[in-house]
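Notes follow the structure.
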Amino acid sequence: MHALLPILILLGALAVVLGLFVRLAARIRRRGLAGGAASAALASYEEAFRATAHQAHYEIRAQNRAQGADPVA
């Protein structure tokens with residue numbers, strides 16, 4: 001059991017850090033605080049791992065562009 005304790009602590013810390021990054025990304029997306037680079041990085045992540053979210057991202061950008069509210073375009 002003593003040999004597994006450091007590994008369990010490391011995995012627990014990794015899970016906490018990843019959870020914080022997920023919450024931070026959600027907060028940035030919700031508040032619109034992401035700049036051009038951060039928005040593009042989140043879009044590329046979503047393209048790779050969540051294809052439907054990536055498609056929704058482009059649809060939202062197209063709607064914003066049609067309304068003249070998309071500064072990234």
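This structure is a prediction, so every number in the text was calculated from the model and none was measured. Values below: every heavy atom of this structure, side chains too, minus hydrogens, waters and symmetry copies. Along the sequence shown, the residues carry numbers beginning at 1.
From L4, atom CG reaches atom CG of L11 across 10.0 Å, with rounding to the nearest 0.5 Å. With rounding to the nearest 0.5 angstrom, the CZ atom of R65 is 9.5 Å from the OH atom of Y58.
With L20 as the partner, the side chain to side chain contact (heavy atoms under 4.5 Å, CB included) test is satisfied by one option alone out of L24, V17, V16, L18: V16.
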